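Have a look at the structure below before the remarks.
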Protein chains: 2
Amino acid sequence: MDKNLKRMATMHRMQVTGMELFYEQGYYNTSVDDILKSLELSKGAFYYHFQSKEDFFISIIQNLIVQKVYSTLIEPIEGNKNPLTVIEKSIDNALQTAENNEMDYGFVVHNFLTEFNGRNETISRYLRDILKIWEVNIITLLQKGKTDGYVIRHVSSEAVASFIISSYMGIRTLMVEGNPRILRYNYISQLRSYLNTMVERELA
Amino acid sequence: MDKNLKRMATMHRMQVTGMELFYEQGYYNTSVDDILKSLELSKGAFYYHFQSKEDFFISIIQNLIVQKVYSTLIEPIEGNKNPLTVIEKSIDNALQTAENNEMDYGFVVHNFLTEFNGRNETISRYLRDILKIWEVNIITLLQKGKTDGYVIRHVSSEAVASFIISSYMGIRTLMVEGNPRILRYNYISQLRSYLNTMVERELA
DNA sequence: AATCTAACCGACCACTTGGTCGGTAAAAAC
DNA sequence: GTTTTTACCGACCAAGTGGTCGGTTAGATT
C-alpha cells in the first residue's frame, strides 16, 4: 500500500503545480511541458497518471478548486447566525486573503469559467456546478434567515444570491491590478449598505 | 487616395473578424491562421498591415472595443437627468442586448481583462483604461447628481461606481451559460434596490 | 532468487504556432 | 510608357504543441 501513497503524492504534486501555472498563465497559455519542467518530471510520468491535459485539469477542479471554494466561501456561512452578517464576513475574509496574496490573479473559478465558457462544455459545466453550490448555499441561508426573523420576507433569495455572487466575481477581477485595499474597503461598504436593505427590523 | 480606402477597408475587415474570433475563443486559443482562413487572406496580407498578433489586438481594442463601450455604457449616461435612473437604464439596455445575442460570451472588456491580467501588462493596461473611463463617467455623474439633489451626499461616488461595475461584470459572466432572462430580471431588481439606498428624498 | 509491475524516462511524432521573405499583379506617379 | 509603390501571396522557418511508445529501474510478490 506504500505504492498507492507514492502514486497519490506524485499526482498531488502535479495537480498543485498545474493549478498554480494554469491560474497564473491561463489554461491554453500553459503547456504540459511547462508544468513538467517546473516539476522536473517527464512526459511519461504525466501521461502515466493522466489521460490528457483536459483530464488533468478536471482532476484539479475536483481535488483542489472545489475544496478551496468550500473552505473559503461555503463552510464559513454554515450555521444559524444572521445570514447577512455571515455572508458579509465570509466575503470580507475572502477579499482579505486575496489582498494579502502577492500573486493574486482573481477568483479562480471565475477566471477559468471565463476561459472555458462556450469553448469547453465539459469543463465549464464543472465550474458552473461549483458556483451553483455556492449559490444554493446562500439561498438556503437566506431562506432560513427569513424564518429566523433576520431577513425581510419579500426579497427574492435567488436574486440576492446571484447579485452577491456577481459583485464578488467582478470586484475580484478589479482587485488584481487595482489598489486591493481601497477596493475591498469600498466594496464591503457598498455590500453592507445593499444587505442592509433587507434587514428585518424587530417590531418595537 | 483610393488606395487608402482599400487599406482601411481590409484592415477593418481583419479587425472585425479578429474581434469575433478572439471574443468567441479567447486570444491565446485563436491563431492568426484561424483568422486568415476565415477571411480567405494570407499571412502576407496580415503582416503587411500589422506588426504582430499583439499589435493587431491592440488595434482592435482601440478601434472596436473602445467604441462599443462608449456607445453602450458611456454615452447613454451623459446628460443632466437623474443619475440613478440613467445608470439603471443603461445597464438594463446593455443586458438586454446581451440577452438577445445568440452568441454571447460575456462582457468583452472583462473577458479579455481576465485573460491578460498579470500576463500582458501592455494589453491589460489598455483594457483597464477603458474601465477607468467608464468608472470616471459614473463618478462624475453621481457627483453632479449630488449637487442636483438626486443623490444623497454622504455616499462615496467612487465606492458606488466600482460596486456597480463589479456587479455588472459578474452578472454578464453568469448570463453566458445561465438563463439570461431571469438573471437579468433578478439582477436589475437588486441593482434598483441598491441604488434606492442613495436616493435623495426631497424635503416635504 | 526470479518474476512482475508501478512509476517514470525521454526520444519521437504529426501538427500548429507566430513570424519572415522573396516574389507578383495592378494601380498610381512620373 | 516606364518606374515606383501598394497590397497581397504562399512557401518556409524555428520553436513549440499535445500525445505516443519502447525502454529502464526500484521495490513488491512469489
Side-chain angles (χ1 to χ4, degrees), chain A residues 1-61 63 112 115-116 119-123, chain B residues 1-61 63 112 115-116 119-123:
Chain A
M1 296 304 107
D2 190 32
K3 273 291 173 62
N4 215 345
L5 262 179
K6 178 160 200 193
R7 177 188 177 79
M8 300 277 278
T10 306
M11 288 178 78
H12 192 254
R13 268 186 69 216
M14 287 177 172
Q15 287 163 345
V16 169
T17 305
M19 169 73 176
E20 273 175 28
L21 292 183
F22 286 144
Y23 176 57
E24 286 169 23
Q25 317 181 30
Y27 177 83
Y28 291 112
N29 200 29
T30 303
S31 69
V32 175
D33 280 345
D34 285 345
I35 298 163
L36 261 11
K37 190 185 291 177
S38 154
L39 281 165
E40 294 188 355
L41 278 174
S42 68
K43 271 275 171 73
F46 184 86
Y47 283 95
Y48 173 73
H49 289 292
F50 302 99
Q51 286 177 31
S52 63
K53 188 186 179 185
E54 180 175 326
D55 173 69
F56 174 59
F57 187 71
I58 291 174
S59 86
I60 289 179
I61 297 180
N63 287 292
F112 289 131
E115 193 167 7
F116 291 111
R119 288 150 206 161
N120 185 317
E121 181 52 30
T122 311
I123 292 186
Chain B
M1 297 306 105
D2 190 32
K3 271 292 172 62
N4 216 346
L5 262 178
K6 179 163 199 193
R7 176 188 178 79
M8 299 278 278
T10 306
M11 288 179 77
H12 191 253
R13 267 187 70 218
M14 288 177 172
Q15 287 163 345
V16 169
T17 304
M19 169 72 176
E20 273 174 28
L21 292 183
F22 285 144
Y23 176 57
E24 285 168 23
Q25 318 181 28
Y27 177 83
Y28 291 113
N29 199 30
T30 303
S31 68
V32 175
D33 281 344
D34 284 346
I35 298 163
L36 261 10
K37 189 185 290 178
S38 153
L39 282 164
E40 294 189 358
L41 277 174
S42 68
K43 271 277 172 70
F46 185 87
Y47 283 96
Y48 173 73
H49 290 293
F50 302 99
Q51 286 177 32
S52 65
K53 189 186 179 186
E54 180 174 325
D55 173 69
F56 174 59
F57 187 71
I58 291 173
S59 86
I60 289 179
I61 297 179
N63 288 292
F112 289 131
E115 193 168 7
F116 290 111
R119 288 151 204 160
N120 185 317
E121 181 52 29
T122 311
I123 292 185

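This structure is a prediction, so every number in the text was calculated from the model and none was measured. Numbers restart at 1 for each chain; the letters A, B, ... are given by sequence-line order, proteins then strands.
Distances shorter than 4.0 Å separate some side-chain N or O of A:T10 from OP1 or OP2 on C:dC8. OP1 and OP2 of D:dT6 both lie 4.0 Å or more from every side-chain N or O belonging to B:H49. Side-chain N/O atoms of A:Y48 include one lying less than 4.0 angstrom from OP1 or OP2 on C:dA7. Distances shown here put a side-chain N or O of A:Y47 below 4.0 Å from the OP1 or OP2 atom of D:dG19. Residue A:R7 places at least one side-chain N or O under 4.0 Å from the OP1 or OP2 atom of C:dA7.
With sequence neighbours left out, the side chain to side chain contact (heavy atoms under 4.5 Å, CB included) criterion links A:Y47 to A:V32, A:K43.
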Any protein N or O atoms within reach of nucleotides 10-14 of chain D? Criterion: under 3.5 Å, listing atom names and distances.
from, atom 1, to, atom 2, distance (Å)
D:dG10, O6, B:G44, N, 2.9

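Between the CZ atom of B:R13 and the C1' atom of D:dA7 there is a distance of 13 Å, given to the nearest Å. Nucleotide D:dC8 holds its C1' atom 14 Å from the CZ atom of B:F46, rounded to whole Å. Note: CG (B:L36) to P (D:dC8) measures 11 Å, nearest angstrom. Protein atom CZ of A:F50 is 18 Å distant from nucleotide atom C1' of D:dT20, rounded to whole Å. Rounded to whole Å, atom C1' of D:dT17 lies 10 Å from atom CG of A:D34. Residue A:I35 contributes atom CD1, which lies 16 Å from atom P of D:dG16 at whole-angstrom precision.
The distance between the ring centers of B:F112 and B:F57 falls below 6.0 angstrom. Side-chain rings of B:Y28 and B:F116 approach one another, their centers coming within less than 6.0 Å.
Under a cutoff of 6.0 Å and an axis angle of 45°, A:K53 and A:F46 do not form a cation-pi pair.
In the displayed structure, A:Q51 atom CD is contacted under 6.0 Å by at most 12 heavy atoms of other residues, nucleotides or ligands.
Atom CD of A:E40 is separated from atom OG1 of A:T17 by 11.0 Å, given to the nearest 0.5 angstrom. To the nearest 0.5 Å, atoms CZ (A:F22) and CD (A:Q15) are separated by 11.0 Å.
Under the 3.5 Å distance criterion, the side-chain polar atoms of B:E115 are matched with a main-chain donor or acceptor of B:Y27. Side-chain atoms of B:N63 come within 3.5 Å of backbone atoms of B:S59 as a donor-acceptor pair (strictly under, hydrogens ignored).
For the segment residues 23-33 of chain A, the set of residues with a heavy atom within less than 4.0 Å of an atom of DNA chain C is empty.
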